[in-house]
Amino acid sequence: MSSSQSSFHSNIDMSDTSDIDVYVSPHVEKEYSDRVYDNETINRNSIEPPKRGYLGYLTIYLLCIPISFGGFLPGWDSGITAGFINMDNFKMNFGSYKHSTGEYYLSNVRMGLLVAMFSVGCAIGGLLFARFADTLGRRLAIVIVVLVYMIGAIIQISSNHKWYQYFIGKIIYGLGAGGCSVLCPMLLSEIAPKDMRGGLVSLYQLNMTFGIFLGYCSVYGTRKYNNTAQWRIPVGLCFLWALIIIIGMLLVPESPRYLIEQERHDEARASIAKINKVSPEDAWVHEEAEEIIVGVLAQREQGEASWKELFSPESNMLQRLITGILVQTFLQLTGENYFFFYGTTIFKSVGLTDGFETSIILGTVNFFSTIIAVIVVDKIGRRKCLLFGAAGMMACMVIFASVGVKCLYPHGDDGPSSKGAGNVMIVFTCFYLFCFATSWAPVAYIVVAESFPSRFKSRAMSISTACNWLWQFLIGFFTPFITGSIHFYYGYVFVGCLVAMFLYVFFFLPETIGLSLEEIQLLYEEGVKPWKSASWVPPSRRGKPVEESESEKKNWKEYLKFSKSSN
């Protein structure tokens, strides 16, 4: 424990608070044990959170849906791109001409770039636009990146026989989607009630799966057109999704943590009240605001966040950054985009005449499985979801790869494929997607969204998410070359990665279910062993008085002065 952390436990001197009418005992990272107003002591946990009926839960989810719709953008691209690479008109416009057969085709390089350029844009967009959240606010930053996304779509639609123009548009298109991949989970995590945070952040992934599914349906509906409408209609539909997000930003509350950092305390309380469907004057709302205020003041006392501190081995931020990077990297190394990007191609190789139909089936499995994750992630926890998912995907991928290698082509690669083996591969692909969609797909975003304090959040989340897109680029670009060389042996590469994921989660990732963002900060600072973290209890629930440092007294006095003046 660093000196700044250990200083939380010095004695408090009550004598220097005599000039203050209202006293609230400090609780940096929720370390209060009680609160005193006009000499009346109220236990910190005596104010119950608002009771939610079905209408209350429905209101919270409806408010969060426009934010989570940011996940629809990359999902939509994955869904339509999987179809484009098999569309005749698209290959005629952006492919190469094969003189021997008179057909147009996409070379491995061009196909890899088509799939991967979007990921490059997303990685850059996440790094470039994340800081807008700190300067402009989460909502306005989201609107800006969605407008960038729309510009990229316009460039793609206007492309005609110039593959490089289409790819430039796809990079700009990715800039906006990448910005959303950082900003949307960030806002969701900061407005969500702590007991619902996992499910609400999972809505981002749910909308991504919904985008993949509708993308598959879109290209299925346009695949028989014999002109550019075959691919221009699916690209053009993205304007509808963008408008849904922009209009939604007018309705959703701003992050109360951002508002408090900007000294807009009344607006912060209104934001907390709106998402929880209670009055801004409710005592529980004031409790929640107090907790955030003290956390913000404590971080402000540590000074301006710097890149040096973020990467310093002496700071526990580096450990958390590594966790974010690895979790987002592992998300891609599960192998999920092997199926999503190249689904139609893979299933043609297993003997299915219409790979588009199979893609719709897989998209359906992916979408409905993610609904399960939204429901259960706040009940069983992050660690259990990730461990279950890694083990389940590993078993499914072993079977998928083994059947592909040993049984799919019993008479050699040039012979006919085995229909029975192909059916087995389809079934275990569905099982794989179930394990993925109920675990790593949503939980990786949850872990990153709740692991960092607000001082470092935009920087750390952008770096972590950029690693996700970087690996998506590498897998998207190199998969055609790898499968062309080793075919279904490629699956064993992902099996090895899944084993590494299981071990990493067990030994290094703490459980954060049911904790506020301020309590998660303390969990990391106390250095709790990850395999023991599920039983960790925040100090405010231990029934023990907690001492504070001189700096904490200073922070708390600042809050009290504000409280007194506002009353």
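These numbers were taken from a predicted model, which means no experiment stands behind them. FYI, side chains are in, hydrogens and waters are out, and symmetry mates aren't considered; it's all heavy atoms of this structure.
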Find out whether [X] and [Y] are in side-chain contact, i.e. whether some heavy atom of one side chain is under 4.5 Å from a heavy atom of the other.
X	Y	value
Leu187	Leu183	no
Ile60	Leu63	no
Glu309	Arg455	yes
Cys238	Trp76	yes
Glu519	Lys194	yes
Leu73	Tyr173	no
Ile292	Arg257	yes
Phe132	Ile142	no

Quick one: which residue pairs count as a ring-ring contact (aromatic ring centres under 6.0 Å, His included) with a foot in residues 179-212, not counting sequence neighbours? Phe72-Phe210, Tyr204-Tyr445, Phe210-Phe367
Which heavy atom in [X] sits nearest to a heavy atom in [Y], and how many Å separate them?
X	Y	value
Ser439	Cys385	CB-O, 2.9 Å
Met186	Ala133	SD-CB, 3.8 Å
Tyr524	Ser451	OH-OG, 3.6 Å
Cys467	Ile325	SG-CG2, 3.6 Å
Ala390	Met501	CB-CB, 4.4 Å
Leu331	Ala441	CD1-CA, 3.9 Å

Is it the case that more than 12 heavy atoms not belonging to [X] sit under 6.0 Å from its [atom1] atom?
X	atom1	result
Phe239	CZ	yes
Phe508	CZ	no
Trp241	CH2	yes

Is it the case that [X] and [Y] place a side-chain donor and acceptor less than 3.5 Å from each other?
X	Y	result
Gln521	Arg320	yes
Glu288	His286	no
Lys457	Ser189	yes
Trp469	Ser181	yes

Check step by step if side chain to side chain donor-acceptor pair (under 3.5 Å) holds for Tyr504 and Thr323. CA-CA 9 Å; Tyr504 182 82; Thr323 295; 3.0 Å; yes
Kindly assign one of parallel, tilted or perpendicular to the pair Trp440 and Phe330, based on the angle between their ring planes and the thresholds 30° and 60°. perpendicular
Rounded to the nearest 0.5 Å, how far apart are [atom1] of [X] and [atom2] of [Y]?
X	Y	atom1	atom2	result
Ile151	Ile172	CD1	CD1	7.5 Å
Arg459	Ile463	CZ	CD1	9.0 Å
Leu517	Leu522	CG	CG	13.0 Å
Leu200	Ile191	CG	CD1	7.5 Å

Steps toward side chain to side chain contact (heavy atoms under 4.5 Å, CB included) verdict (Asp195, Asp378): CA-CA 7 Å; Asp195 60 317; Asp378 283 316; over 6 Å; no
Taking the six-membered ring for Trp and the full ring for Phe, Tyr or His, determine whether the centres of Phe456 and Phe452 are under 6.0 Å apart. no
Strictly distance-based, threshold 3.5 Å: is any side-chain N or O of [X] a donor or acceptor partner for the main-chain N or O of [Y]?
X	Y	answer
Trp471	Gln332	no
Glu511	Ile513	yes
Glu291	Glu518	no
Ser202	Gly198	yes
Ser464	Met461	no
Arg383	Val505	yes
Arg197	Gly514	no
Thr465	Ser462	no
Asp282	Val278	no
Ser271	Glu267	no

Could you walk me through whether Leu318 and Leu310 pass the side chain to side chain contact (heavy atoms under 4.5 Å, CB included) test, one step at a time? CA-CA 6 Å; Leu318 180 60; Leu310 180 61; over 6 Å; no
Step-by-step side chain to side chain donor-acceptor pair (under 3.5 Å) determination, Ser68 to Asn207: CA-CA 7 Å; Ser68 64; Asn207 273 296; 2.8 Å; yes
Given side chain to side chain contact (heavy atoms under 4.5 Å, CB included), test Thr135 with Arg131 step by step and report yes or no. CA-CA 7 Å; Thr135 56; Arg131 293 291 289 171; 5.7 Å; no
Arg269 with Glu281: basic N within carboxylate O range, under 4.0 Å: no
Begin from the C-alpha positions of Arg139 and Ser255 and carry the test side chain to side chain contact (heavy atoms under 4.5 Å, CB included) through to its verdict. CA-CA 8 Å; Arg139 293 189 304 172; Ser255 163; over 6 Å; no
